[in-house]
Amino acid sequence: MGSFSIWHWLIVLLVVVLIFGTKKLRNIGADLGGAVKGFKDGVKAGDDKSAETKTEIPPSTGHTIDGEARKETTKS
């Protein structure tokens with residue numbers, strides 16, 4: 001009852017093809033593939049930008065800024 005055989009999946013595939021049609025499924029697949037490719041390119045571009053910013057900071061500018069954080073309170 002928990003697992004499906006190959007015949008179950010073939011029937012589901014047939015129903016999906018009958019409902020949506022092959023052209024619409026092909027377009028959905030192409031759109032999904034383009035989205036995945038765009039995501040990978042975006043991640044790769046983000047890695048390139050972070051590597052560039054790391055190399056722009058010279059190692060000799062190691063200044064420490066001392067500060068204190070306080071919670072702002074309002075008086076009503």
Side-chain angles (χ1 to χ4, degrees):
M1 188 171 169
S3 66
F4 293 103
S5 69
I6 187 70
W7 295 110
H8 290 103
W9 291 115
L10 288 174
I11 291 171
V12 169
L13 180 65
L14 179 68
V15 169
V16 168
V17 169
L18 288 174
I19 291 173
F20 294 109
T22 56
K23 185 175 180 181
K24 191 168 211 170
L25 289 176
R26 190 178 313 125
N27 291 341
I28 291 172
D31 291 343
L32 183 63
V36 169
K37 184 178 179 184
F39 178 76
K40 285 182 181 179
D41 291 343
V43 169
K44 190 181 294 185
D47 290 344
D48 293 342
K49 287 181 182 178
S50 65
E52 289 175 4
T53 56
K54 288 180 184 176
T55 58
E56 290 176 6
I57 301 172
S60 63
T61 61
H63 299 286
T64 304
I65 299 174
D66 192 17
E68 183 178 327
R70 293 188 223 157
K71 184 176 180 181
E72 184 178 340
T73 59
T74 58
K75 296 181 181 179
S76 300

Common cluster, I6/V12, ILVMFWY with side-chain heavy-atom separation under 4.5 Å: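 Looking at the clustering, V12 is in a separate group from I6.
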Flag yes if V15 and L18 sit in one hydrophobic cluster, no otherwise; membership is Ile, Leu, Val, Met, Phe, Trp, Tyr, and two members link when side-chain heavy atoms are under 4.5 Å apart.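 Different hydrophobic clusters.
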Which residues satisfy the salt bridge (Lys or Arg N to Asp or Glu O under 4.0 Å) test with E68, sequence neighbours excluded? R70
Which pairs pass side chain to side chain donor-acceptor pair (under 3.5 Å) with one or both residues in residues 6-30, sequence neighbours excluded?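 The answer is S5-H8.
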Listing request: all ring-ring contact (aromatic ring centres under 6.0 Å, His included) pairs with a residue in residues 10-36, at least two apart in sequence or in separate chains. none
Return the CG to CG distance between L25 and L32, rounded to the nearest 0.5 Å. 12.0 Å
